[in-house]
There are 2 protein chains.
Amino acid sequence: MYSIGRVSEMFGIPVSTLRYYDKEGLFPDMERSSGIRRFSERELEALRVIECLKASGLSIKEIRQFMDMVGEGPVSYSRRRALFEGRRAALEAEMAEMERVLAMLKFKCWYYETAEREGTEEGIEALLPDSLPPEIQVFYDRAHNKPKEE
Amino acid sequence: MYSIGRVSEMFGIPVSTLRYYDKEGLFPDMERSSGIRRFSERELEALRVIECLKASGLSIKEIRQFMDMVGEGPVSYSRRRALFEGRRAALEAEMAEMERVLAMLKFKCWYYETAEREGTEEGIEALLPDSLPPEIQVFYDRAHNKPKEE
DNA sequence: ATAACACCTAAACCTGACTTTAAGTCAAGC
DNA sequence: GCTTGACTTAAAGTCAGGTTTAGGTGTTAT
């Protein structure tokens with residue numbers, strides 16, 4: 001059993017945030033002894049799941065709904081599984097988008113590296129043709145074409 | 001030259017957001033004809049960069065600082081480059097973290113898949129040893145050990 | 001026994017990124 | 001000439017996710 005201060009140290013999460021999570025129902029049925037929160041292994045595991053779901057893009061309210069499902073027992077296994085499958089798909093999509101962003105960042109790094117060397121941005125396009133890996137060239141095209149409808 | 005409504009359609013960004021960006025100084029020296037904003041290719045490219053920097057985790061104020069650098073001309077090439085290098089490193093770190101989160105999500109998918117099949121969560125640990133790819137087993141260890149100091 | 005410290009609550013406050021509202025301008029079509 | 005639709009502004013409102021504050025309790029070290 002851990003005090004809120006101890007858990008705060010262990011996870012690097014402010015005490016105020018842990019209390020806020022509790023208030024939002026993220027630690028259902030947490031024990032207390034004379035009013036004081038007692039974090040057990042169950043709450044620590046909850047906290048690990050919270051950090052994971054949060055990082056996967058879920059809001060506090062949605063995480064709370066997951067905790068409610070846990071409280072329902074075995075009947076919610078399939079819903080819980082569906083939740084994690086959904087998060088997995090969402091995260092994979094997000095990572096794909098980040099690859100795109102990373103390609104633009106790399107292009108911009110190259111661009112300013114070149115501009116710095118040349119002293120000007122004039123005519124950088126002309127330097128492009130073969131000096132960059134294909135995935136960045138592709139991005140260059142995207143970045144400088146007229147934008148498409150969305 | 002494009003109207004704000006046209007740009008909104010092209011980029012899928014609300015008109016109110018474009019005006020907000022303008023107010024925050026993200027389109028320095030944008031042209032106007034009798035009060036009405038005129039988006040040129042320069043503003044469209046700015047918008048592409050804004051979306052990229054935003055996706056890389058920069059705040060509106062930080063993006064504004066970048067736009068100010070652009071206004072300074074060639075003297076800021078190296079600072080601009082440093083900015084993009086920093087964003088690139090940050091994004092790469094973030095993606096590494098997301099890989100970790102993804103491993104936990106995959107583990108949880110497996111976990112509830114198994115629980116659903118077994119009808120209970122009892123004894124799932126025992127099923128673990130060789131049924132999962134190593135990167136998930138590693139995560140299972142992380143998830144069930146006592147947490148470390150941070 | 002008194003100070004220090006960790007804990008408690010409720011409620012107010014904060015920040016970032018927008019969005020909405022209210023009131024007005026302006027050009028084009030009927 | 002008047003309505004319609006796209007534009008304008010400043011200011012207020014919204015939402016999530018906390019953080020801070022004010023006032024109080026309970027245990028421990030000097």
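Just so you know, these numbers use all the heavy atoms, side chains as well, and skip hydrogens, waters and symmetry mates. Per chain, numbering begins at 1; letters A, B, ... match sequence-line order.
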**Message:** Going by ring pair (Phe, Tyr, Trp, His ring centres under 6.0 Å), name the residues that satisfy it together with A/F39, two or more places apart in sequence or in a different chain.
**Reply:** A/F27
**Message:** Could you work out, with ring pair (Phe, Tyr, Trp, His ring centres under 6.0 Å) as the rule, every residue matching A/Y77, not counting sequence neighbours?
**Reply:** none
**Asked** In whole Å, what is the span from the CG atom of B/L18 to the P atom of C/dA17?
**Response** 16 Å
**Asked** Sequence neighbours excluded, which residues qualify as salt bridge (Lys or Arg N to Asp or Glu O under 4.0 Å) partners of A/R32?
**Response** A/D22
**Asked** Are A/R38 and C/dC7 close enough that a side-chain N or O sits under 4.0 Å from OP1 or OP2?
**Response** no
**Request:** Taking ring pair (Phe, Tyr, Trp, His ring centres under 6.0 Å) as the test, write out the residues that go with B/Y21, two or more places apart.
**Result:** none
Restricting both atoms to N or O, compile the protein contacts to nucleotides 19-24 of chain D shorter than 3.5 Å, with distance only.
from   : atom 1 : to    : atom 2 : distance (Å)
D/dT19 : OP2    : A/S16 : OG     : 3.2
D/dT19 : OP2    : A/T17 : OG1    : 2.3

**Asked** Can you give one letter per nucleotide of nucleotides 22-28 of chain C, going 5' to 3': B for a protein heavy atom under 4.0 Å from the base, S for sugar-phosphate only, - for none?
**Response** -------
**Prompt:** side-chain contact (heavy atoms from CB on, under 4.5 Å) with B/R38: which residues, sequence neighbours excluded?
**Reply:** B/M1, B/S3, B/E31, B/S33, B/I36
**Item:** B/R6 CZ - D/dG5 P separation (whole Å)
**Value:** 19 Å
**Asked** B/R19 side chain N/O closer than 4.0 Å to the phosphate oxygens (OP1, OP2) of C/dT21?
**Response** no
**Salt-bridge criterion met for B/R48 and B/E45 (N-O under 4.0 Å)** = yes
**Message:** Going by the rule salt bridge (Lys or Arg N to Asp or Glu O under 4.0 Å), which residues pair with B/E121 if we only count those two or more places apart in sequence or in a different chain?
**Reply:** A/R80
**Prompt:** For B/I4 and C/dT19, what is the distance between atoms CD1 and P respectively, to the nearest whole Å?
**Reply:** 12 Å
**Prompt:** To the nearest Å, how far apart are B/E24 CD and C/dC18 C1'?
**Reply:** 10 Å
**Prompt:** What residues in residues 52-70 of chain B put a non-hydrogen atom under 4.0 Å from any atom of DNA chain C?
**Reply:** B/K54, B/S59, B/I60, B/K61
**Prompt:** Can you list the residues that meet the side-chain contact (heavy atoms from CB on, under 4.5 Å) rule with B/E99, with sequence neighbours excluded?
**Reply:** A/M95, B/L102
**Message:** Rounded to whole Å, please give me the gap between CG in B/D22 and C1' in C/dA17.
**Reply:** 16 Å
**Nucleotide D/dA6, atom P - distance to CZ of B/R32 in whole Å** = 19 Å
**Complete:** Residues passing the salt bridge (Lys or Arg N to Asp or Glu O under 4.0 Å) test with B/E72, sequence neighbours excluded, are B/R79
**Prompt:** Rounded to the Å, how far apart are B/M30 CE and D/dT8 C1'?
**Reply:** 12 Å
**Request:** Not counting sequence neighbours, which residues clear salt bridge (Lys or Arg N to Asp or Glu O under 4.0 Å) with A/E62? List them please.
**Result:** none
**Asked** Given atom CD of A/E51 and atom P of D/dG18, what is their separation to the nearest angstrom?
**Response** 10 Å
**Message:** Quick check on the 6.0 Å ring-centre criterion: do B/Y112 and B/F107 meet it?
**Reply:** no
